[in-house]
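Below is one structure, written out as structure tokens; comments come after it.
Below, all heavy atoms of this structure are taken into account, side chains as well, without hydrogens, waters or symmetry copies.
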Amino acid sequence: LRVLRLCRFSAQLGFSAEIMNLHLCREMVEDGMLKYLTKERVFGEIEKALHTNHFEYFINNMSYTKALSEVLPEIDCLKMIDEIPEHHPELNTFAHTVLVLRYADEHNYPAIVKFGCLTHEIGKALTPETVLPHHYGHETAGLEIIDKICNRYFTPNDYRKFAKLSCKYHMDLRRLYEMKPGHIFDILNENTNGFRYITTLKNLFQVSEADLYGRAKTPRKERVDGFNKSKEIAYNAFDIFSKLSAEDFPELFEKNNNTRFGYNCFVDDNPTKVLMSNNLDEDDFEENQGKRKMMFIVGWNSDFNSIKT
């Protein structure tokens, strides 16, 4: 446990550990002493480090002492994963992850966001060699790995859930401005619990922002502008849909019905129109029109800053 605590105290107090102490810790790791730790105590130290202002120090020291390969081999193996130099001059996924954590530390992001930052690129470890250095589909490939880590350490469910959302959506959130309204609606609906709570969405944008800036070079202006526009669209959309209720549609809903709207939606050829319904498919919209009480139409402009119902 002293190995993990040295790494954690380094993160907590913001100091660089003495090299001799790190070598002693490495010897302890090589002697297999970490194998005697209970899983709960291991994650307990990780979680305490997540709450510090220098979680990057924790991960770097864990790496240097080889404790990371024992505790989180799924993160340690990212050192061997190549990146495209044009996008990641740091050249490997582990180096990028450390820079993302540094950005999160510098901006005082909460512990759960740092956990999302730690695991957001974890799916790249499963990229087939035939497509390297591209990492197509790594957003969904990482979900199973996150479950494996969380099962091993009995990680609280809020950490698990947020890490999987971070892995799945850290890139999509920067590209909302390119998407059709129906796709935007689906993403926001999932990450706001039906447009009821915005905290998770804000935290996910922090992960996405750290991923954008956590690189060895300044991101291109068009990427930054795209991120800012996507963030504005998301917050405008949440502001619209979080205020809607059945009472806004008295001609379609009975007054004592508090249902907001259905969870299914689809988009027609006009990207400024969205048709949302309760369990209604696109193909049978015409034949079912007027037969379902739980149905209404909402239209918005492309930036989600105005609404017509």
Side-chain angles (χ1 to χ4, degrees), residues 7-8 10-12 14 43 45-63 68 71-79 81 83 87-125 135 138-143 145-150 153 155-175 191 199-219 223-224 227 230-231 234:
C7 298
R8 193 247 298 175
S10 175
Q12 182 176 330
F43 186 77
E45 290 299 318
I46 295 174
E47 185 173 22
K48 289 176 183 177
L50 285 166
H51 283 278
T52 69
N53 294 325
H54 302 282
F55 185 64
E56 173 203 354
Y57 289 13
F58 178 81
I59 294 299
N60 277 332
N61 287 329
M62 290 279 286
S63 174
L68 192 64
V71 174
L72 291 171
E74 299 87 354
I75 301 297
D76 189 70
C77 73
L78 297 179
K79 299 171 185 176
I81 307 301
E83 294 279 6
H87 303 303
H88 292 283
E90 56 275 12
L91 300 182
N92 71 73
T93 306
F94 179 78
H96 165 61
T97 299
V98 170
L99 291 178
V100 171
L101 292 174
R102 179 181 300 174
Y103 187 92
D105 283 334
E106 291 173 347
H107 290 77
N108 297 316
Y109 287 167
I112 198 168
V113 171
K114 293 180 184 179
F115 190 68
C117 290
L118 177 67
T119 57
H120 79 288
E121 301 277 41
I122 206 166
K124 291 184 176 181
H135 296 281
H138 73 277
E139 303 94 324
T140 53
L143 303 182
I145 304 177
I146 292 171
D147 274 332
K148 181 180 177 181
I149 293 172
C150 293
Y153 291 116
T155 305
N157 194 51
D158 55 342
Y159 280 96
R160 179 199 299 262
K161 182 177 179 181
F162 183 78
K164 293 175 72 172
L165 291 175
S166 298
C167 186
K168 184 178 179 180
Y169 290 117
H170 68 275
M171 294 184 65
D172 279 350
L173 287 177
R174 296 203 296 271
R175 299 193 293 240
N191 293 303
T199 302
T200 297
L201 181 63
K202 287 183 174 180
N203 288 344
L204 288 172
F205 268 112
Q206 289 180 335
V207 174
S208 185
E209 182 175 335
D211 178 49
L212 177 63
Y213 285 96
R215 302 166 192 245
K217 69 174 184 178
T218 304
R223 288 179 176 268
V224 175
F227 172 81
S230 295
K231 190 174 180 180

Check: E139/H170 side-chain N/O donor and acceptor closer than 3.5 Å: no

Got a sec, which residues hit side chain to side chain contact (heavy atoms under 4.5 Å, CB included) with N203, two or more places apart in sequence or on another chain? P110, I112, V113, F162, T199, Q206

Can you name the nearest heavy-atom pair linking [X] to [Y], along with the distance?
X    : Y    : result
P219 : V224 : CG-CG2, 3.8 Å
N191 : T200 : O-CB, 3.6 Å
S10  : N61  : OG-ND2, 3.0 Å
S166 : V207 : OG-CG2, 3.7 Å
F43  : P156 : CE2-CD, 3.5 Å
A210 : C117 : CB-SG, 4.0 Å

Test side chain to side chain contact (heavy atoms under 4.5 Å, CB included) on V98 and E90 and set out the steps. CA-CA 10 Å; V98 170; E90 56 275 12; over 6 Å; no

Should we say atom NZ of K79 is surrounded by more than 12 heavy atoms from elsewhere, each under 6.0 Å from it? yes

Test side chain to side chain donor-acceptor pair (under 3.5 Å) applied to [X] - qualifying residues, sequence neighbours left out:
X    : result
R8   : Q12, E45
K114 : D105
K161 : none
T52  : none

Sub-4.5 Å side-chain heavy-atom contact between [X] and [Y]:
X    : Y    : result
C167 : T119 : no
F227 : K231 : yes
F94  : L68  : yes
K168 : K164 : no

Step by step, work out the side chain to side chain contact (heavy atoms under 4.5 Å, CB included) result for L201 and L173. CA-CA 9 Å; L201 181 63; L173 287 177; 4.3 Å; yes

Roughly how far, to the nearest 0.5 Å, is [atom2] of [Y] from [atom1] of [X]?
X    : Y    : atom1 : atom2 : result
H96  : H120 : NE2   : NE2   : 3.5 Å
D147 : R160 : CG    : CZ    : 5.0 Å
K148 : Y153 : NZ    : OH    : 10.5 Å
K48  : I46  : NZ    : CD1   : 12.0 Å
C150 : Y159 : SG    : OH    : 11.0 Å
L72  : S63  : CG    : OG    : 11.5 Å

Run L78 and N92 through side chain to side chain contact (heavy atoms under 4.5 Å, CB included) and show every step you take. CA-CA 7 Å; L78 297 179; N92 71 73; 5.9 Å; no

Relative to the ring of Y103, is the ring of Y213 parallel (under 30°), tilted (30 to 60°) or perpendicular (over 60°)? parallel

Going by the angle between their ring planes, with limits at 30° and 60°, are Y109 and H107 parallel, tilted or perpendicular? tilted

For D211 and E121, run side chain to side chain contact (heavy atoms under 4.5 Å, CB included): C-alpha distance rounded to whole Å, both residues' side-chain angles, the deciding distance at 0.1 Å, then the answer. CA-CA 9 Å; D211 178 49; E121 301 277 41; 3.5 Å; yes

Pairs involving residues 93-104, ordered by first then second residue, that meet salt bridge (charged side-chain N to carboxylate O under 4.0 Å, His left out) (sequence neighbours left out): E56-R102

